[in-house]
S.K.: 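Have a look at the structure that comes next, please.
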Amino acid sequence: MENNKAAANNKRRGFARHQREDMIGKIYTYLCVLMLIVVIVSIVYFVASKGLATFITDGVSPFEFLFGTHWSPDGTNPSFGALPFIAGSFVVSMLAALIAGPLSICAALFMTEIVPGKGKRILQPVIELLSGIPSVVYGFIGLTVLVPFISTVSGGNTLGYGVAAGALVLSVMILPTITSIAADALASLPRGMREASYALGATRWQTIYRVILPTLAPSLWTGIILGIARAFGEALAVQMVIGNAPFLPKSLLTSASTLTSVITLNMTNTSTGSVQNNVLWSMALMLLFMTFVFIIIVRLLQRRNKL
Amino acid sequence: MNAKTADKIATGVIIFFAIVIVAILGGLLGFILVRGLSHISWDFLTSPSQNFKAGGGIGPQLFNSLFLLVLTMIITVPLGLGGGIYMAEYAKENKITGFIRLVVEVLSSFPSIVVGLFGLLLFVNTFKLGYSLLAGAIALAIFNLPLMVRITEQSFRAVPREQKEAGLALGLSKWKIITSILLPVALPSLITGTILAAGRVFGEAAALLFTSGMTTPPLDFTDWNPLNPRSPINPLRSAETLAVHIWKVNSEGRIPDAKDVSAGASAVLVIMVLIFNLIARWFGRFVYRKITASKQVN
Amino acid sequence: ACGGNSGGTTTTEPTTGTGGTTTPPTTSEQPADTAISGSILAVGSTALQPLVDQVGQKFMEENAEVTVQVQGGGSGTGLTQVSEGAADIGNSDVFAEEKLDADKAAELVDHQVAVVAMATVVNKDAGVDNLTKQQLLDVFSGKVTNWSEVGGADKKITIVNRPSSSGTRATFEKYALGEKVENVEGSIEQDSSGTVKQIIADTSGAVGYLAFSYLDDTVTALSYDGVEPTDENVQSGEYPVWAYEHMYTKGEPEGATKAFLDYFMTEEVQNSDVTELGYIPVSSMEVKRDAEGKVVQ
Amino acid sequence: MQTSTQPRFGTEELSVFYGTNEAVKKINMEFPDKSVTALIGPSGCGKSTFLRSLNRMNDEIASARVTGRIWMDGEDLNDKNTDAVTLRQKIGMVWQRPNPFYKSIYENIAFGPRYHGTRSKKQLDEIVEQSLRRAALWDEVKDRLKESALSLSGGQQQRLCIARALSVSPQILLLDEPASALDPVSTGKVEELIIELKKELRIVIVTHNMQQAARVSDFTAYFYLGNLIEHDNTTKLFSNPSNQMTQEYIMGRFG
Amino acid sequence: MQTSTQPRFGTEELSVFYGTNEAVKKINMEFPDKSVTALIGPSGCGKSTFLRSLNRMNDEIASARVTGRIWMDGEDLNDKNTDAVTLRQKIGMVWQRPNPFYKSIYENIAFGPRYHGTRSKKQLDEIVEQSLRRAALWDEVKDRLKESALSLSGGQQQRLCIARALSVSPQILLLDEPASALDPVSTGKVEELIIELKKELRIVIVTHNMQQAARVSDFTAYFYLGNLIEHDNTTKLFSNPSNQMTQEYIMGRFG
Ligand SMILES: Nc1ncnc2c1ncn2[C@@H]1O[C@H](COP(=O)(O)OP(=O)(O)OP(=O)(O)O)[C@@H](O)[C@H]1O
Ligand SMILES: Nc1ncnc2c1ncn2[C@@H]1O[C@H](COP(=O)(O)OP(=O)(O)OP(=O)(O)O)[C@@H](O)[C@H]1O
Ligand SMILES: [Mg+2]
Ligand SMILES: [Mg+2]
Ligand SMILES: O=P([O-])([O-])[O-]
């Protein structure tokens, strides 16, 4: 009775109550999603329009930008070779992944395979805290501990600033990224797969090495790629320890630069619209572009993922 | 090598690396706290910073970090909730959803410095907000949004499907089910996730260099009118946060005690992150218990 | 560029003159009943920021109705923002002509509020205390890699640079080296003068350049062509490695902004705050320079 | 089953597709009032899918597509103009695993009626008591209505779910293996409850336990691979099935 | 069962705890050679837990603790000095849901023997063929050995898993509801296979389908709440159980 009356009431106003509610819900959530799309489109649009101005308005050759090794934007004969920075970004992030990758996968294995349950209880908070430590704090520790340490280890021949310091700081920063993705992948492996291997009389390492790792390879690579992506885009911690000399990274102990470090150092000292400023935006565009590349790689890997 | 020896060695190596990681964290925390705690005092936490003399504090920076966090959350939470609810409850498995998923994924992988630069271009320059808390909050919100969407989506997806069906079977509208049945169940993990995300926002610096700026005007903590330029809560004033301060004193600043100030500020940042972690866990559990009236955790 | 610059210089001159001759501070020239009010936004050079900050606070204490907001952001940002009208004052370590297009620079009025001088700095073990211009150039361009080659100890030279967009570096290259030099392999770039000093103090054979305000006995400051890096030598024009600190306005300043800039040029500020922060008062300079670096007196 | 006779509740050529896979195939079936119809068949034969299509629950599964008609009082429930939300109020449902809301016992029951417009505390109290009584749970919980529903035992939770379904006065009750996660004692209680409830409404129950089907139902339908193989009086179907496959199944040859 | 008689394979006072919850309670049981023993009982009664403890699979579950003894040829398998890895080779296992490795069909089978030292391609080929033949799968897959095991149907996958278990020549086979996720035809094949295999080895099978137990097993054990209620000859247990609870269960009063 009561219900019918309420329903009738609702009907009279055109929409039933639940239809009105659902309309509100839809409008709200759709708007939020629209917002996301607007944000990303405008980031890409604005960064691209500034970044391409270097080549379109200022007439810098994209070839020089991408492959030139000579960086001297303020020189009498300005040249805009950003290869040292592009290479620097790649080298430090790859090195970081090289260090963090095996460590992270071991950590994930420790959590799910070696000491299931307890291992997770120990390492999970550790990983979360590591990922919670702000990047400037990593940079600061790198600056005060790592850089002098590297300098001492090199016998005082170098300042300690350089690729090695950058890569080490980054490796700790991306450790949590890779570990948590690897741990999630391991946890998603059907329990039966592991047991089937054990039931055949395989040892734990054989199971890990022959069954688990091959099966999860795409997911583990995903973790590593996302770790590289994170390292590639990290700015301040690297800038604080890498030394920032605009040269191709030639050895672990020499100072080099990354795309992000050049941007942070020079963005505010150059005036908007100048070619020195625009070329920094081109580097930001490069960062954006690489983000897309990393995502595409991750997508391809996921397609290969059979789980 | 026989299989069992290999097993033992491999196990040993894995355990060793796990210990290394724990040691790294221990070392980091130990260093930050030992180095920093001695420098932390009430005075350090409340007095203004110095630009060229030793002995400055981090009062305004600490306030800025917290206030910026609040502003950011005010922007992100409603947007992220909406987006996450869309992904969990409205999105059909089609191309559009695939595209939106890609958008979230890409957005969450954007380097924060790029988000900061975008903020500089659009909010600081084009919208003429200047280096301001508002511009910083919007940049951080963009930085945090994909995470919030993901947290919301996961929290909602973790709610047993049967809850939703039970609501449907009673003839409830979808929106009512979302807000009154699913949301309370999702709330604990939503809160935990949000607080953890907040911790990340708290320590972010790269996105802020170009948006909220690297300076704080002299603040008058007795003036709470948001329209006054010296009011701490004026959203249009520039604001250097704790994380930015650490970066600045190390790479641009001229104070002689830069190392001490950074150590103290780092310790404060890390302690805040620890507190965020603990609160997140505790509060999530607390809400869960409230909602289910059960003692079971998780 | 010349026209814009000369306009800038002429506007400063009368102000400097006033500061030099009239003792009462500019503020008291204002009729008491029309107290100045308004808000001033000064953006730009991080090097100049502490000074403007400090003077701004004093100015606010004297004029309760005025708020002065000072933001960093770098010289480039300052010039851009003032030129776009987003800030009232653009603080810069360099002449606007060096960072902006000529037509944009021409719209700006220069207010030179202080002079900052730089010294070449080496680690104490380098064993040198004077370098000629050519030697310095050889060191920073990598032609010379050991201090013994310029009369010092047998130590490898390590260069600590500032970023290419830094004002300090621009000044150093322009007035000490006479030309832009490329980074040398093995050198590093640091954006913080404090860090530069630290590294030079700690690293055997290291060399860099610092504003006078940073000098202390942890490092050795070198003479340049036999001239010691002192305030007096800068003022007399003998020591050439110095630059103005500029505060630009778009067009002639008005109201509170004008009052603030005038205040900046008073003896009260020039002889206390400016010197206190390690700058040299503009009024004490016996020489002047234009944007091209030509000495005009 | 012809449309002209307008059965009070039944399906006509009802098919359900998941993507291109036809999980339920052109089912024609009628559910008489005040009776229990049991759906039996091996795992994956489409029992749940069919049951869920009766109250348009499959609308919520993106890949599911339902064709055919579901008649109720001359209205086609499967028509896209029929409002699914409103009709679900008339057709209650209970699942295999008890799924109480994460709310108090009281709120679990009061939630639906309140949404549908009953605001007065007194009326709500009444509905809660009524529904719990009908689900034979009142005596066990009347002193702890404010406690969380999750604090109840599995069997109690399941009866609470039945009470919740009853709270909005449905005319039809759909039960999907309501007792298969319960212990013997709770199973017994739920079975009694079903027999009690059928005096007032129409019940459709999916079960994998043939003895249970035999105990509680008036009619039984045997499904296999999405097809309705046999639908008959329960006694008849179990004692003397007309189809060979039905016979094999109830004799336990497979499943 | 006394230890002095040294049963060829059986348990003595075997208990399994998950944390403090005793899921399996002091089971004494013997599994005669060349026979099938079926474990039946309602959901959650501990059948799987008991089965998994027989090849020390519960070692892998952190919270699980197994007490008591498992005798095999006079050796206590549950002794912590007994190497679990070696013994598992002698005791094969197959689960409810087929769980082939994400590798080729060939690799799935060749995998175990290769671990255990068989390297020669020829020998491996032989083992693969042998095992697939014994699992009655050879004819269906012999032309696609290089394809992914995931491309097989559910029933084929399950037989592949049996073949995989056979590849390392176990003496005992543990099956946990091996057919309950399969269609009737596949179920029939698996059942035939079990009857075939018992000629060579000892089989323990968990099933929730009593008819299946009756069809394939020689002995049946009824579990309830972790206790072994009755263990007897299958025909005897189904026709004339000595325990009231067994009777109720097999008559379908609950479960
Ligand atoms: N959401 C879904 N998406 C795709 N296919 C589904 C979905 N749900 C069920 N199916 C498929 O539809 C068929 C019928 O499933 P349904 O759940 O209706 O069977 P059932 O008779 O209830 O089985 P059970 O006794 O195991 O509950 C099965 O093949 C199943 O795999
Ligand atoms: N990993 C585990 N951790 C804790 N408790 C468990 C675990 N596995 C099973 N249990 C508990 O042990 C008891 C026995 O479970 P088990 O899986 O052996 O039952 P089962 O007879 O095989 O049931 P089913 O027929 O449903 O497979 C149950 O109460 C179950 O909840
Ligand atoms: Mg079902
Ligand atoms: Mg089981
Ligand atoms: O004054 P600078 O920081 O630009 O050298």
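Order of the sequence lines sets the chain letters (A, B, ...), proteins ahead of strands, with each chain counted from 1.
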S.K.: Look up atom CG in Asp101(C) and atom OG in Ser271(A), then write down how far apart they are to the nearest 0.5 Å.
M.R.: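 Nearest 0.5 Å value for the CG-OG distance: 7.5 Å.
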S.K.: Which distance, rounded to the nearest 0.5 Å, do you find between the OG of Ser166(C) and the CG of Asn269(A)?
M.R.: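 Output value for this atom pair is 6.5 Å.
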S.K.: By the definition side chain to side chain contact (heavy atoms under 4.5 Å, CB included), identify the one residue from Leu159(A), Ile242(A), Thr254(A) that meets it with Ile188(C).
M.R.: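 That would be Leu159(A); it is the only one of Leu159(A), Ile242(A), Thr254(A) passing the side chain to side chain contact (heavy atoms under 4.5 Å, CB included) with Ile188(C).
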S.K.: With a 4.5 angstrom heavy-atom cut-off, which part of Glu185(C) approaches chain A: side chain, backbone, both or neither?
M.R.: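 Contact with chain A is through both the backbone and side chain of Glu185(C).
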S.K.: Below 4.5 Å from any heavy atom of chain C, which atoms of Ser274(A) appear? Answer side chain, backbone, both or neither.
M.R.: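 Interface part for Ser274(A): side chain.
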S.K.: Which value, rounded to the nearest 0.5 Å, describes the distance between Glu189(C) atom CD and Tyr161(A) atom OH?
M.R.: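 Here the rounded value is 13.0 Å.
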S.K.: Check for a donor-acceptor pair, side chain of Thr80(C) on one end and backbone N or O of Thr272(A) on the other, with a separation under 3.5 Å.
M.R.: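 Between the backbone of Thr272(A) and the side chain of Thr80(C) there is a qualifying donor-acceptor contact (under 3.5 Å).
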S.K.: For chain A, find which of Gly74(C), Gly76(C), Gly205(C) contributes the most heavy-atom pairs closer than 4.5 angstrom.
M.R.: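 With the most close heavy-atom pairs to chain A, the winner is Gly76(C).
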S.K.: Should we count NZ of Lys197(C) as having more than 12 external heavy atoms under 6.0 Å?
M.R.: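 Yes, the 6.0 Å shell around NZ holds more than 12 heavy atoms from other groups.
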S.K.: Where does Val184(C) contact chain A at under 4.5 Å (heavy atoms): side chain, backbone, both or neither?
M.R.: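 Answer is backbone: N, CA, C or O of Val184(C) sit under 4.5 Å from chain A.
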S.K.: Would you check if Ser187(C) and Ser255(A) make a side-chain contact, meaning some heavy-atom pair closer than 4.5 Å?
M.R.: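 Result no, sub-4.5 Å side-chain heavy-atom pair not found.
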S.K.: With rounding to the nearest 0.5 Å, note down the distance linking CG in Asn277(A) to OG in Ser165(C).
M.R.: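 If I round to the nearest 0.5 Å, the distance is 10.0 Å.
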S.K.: Let me confirm one number: the CZ-CG distance from Arg162(C) to Asn244(A), rounded to the nearest 0.5 Å.
M.R.: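 So the CZ of Arg162(C) and the CG of Asn244(A) are separated by 11.5 Å.
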S.K.: Say you draw a straight line from CD of Gln190(C) to CE of Met240(A); how long is it, rounded to the nearest 0.5 Å?
M.R.: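 One finds 9.5 Å between CD of Gln190(C) and CE of Met240(A).
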S.K.: Pick from Pro148(A), Ala245(A), Gly243(A): which one has the most heavy-atom pairs with chain C under 4.5 Å?
M.R.: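 Counting heavy-atom pairs under 4.5 Å, the top option is Gly243(A).
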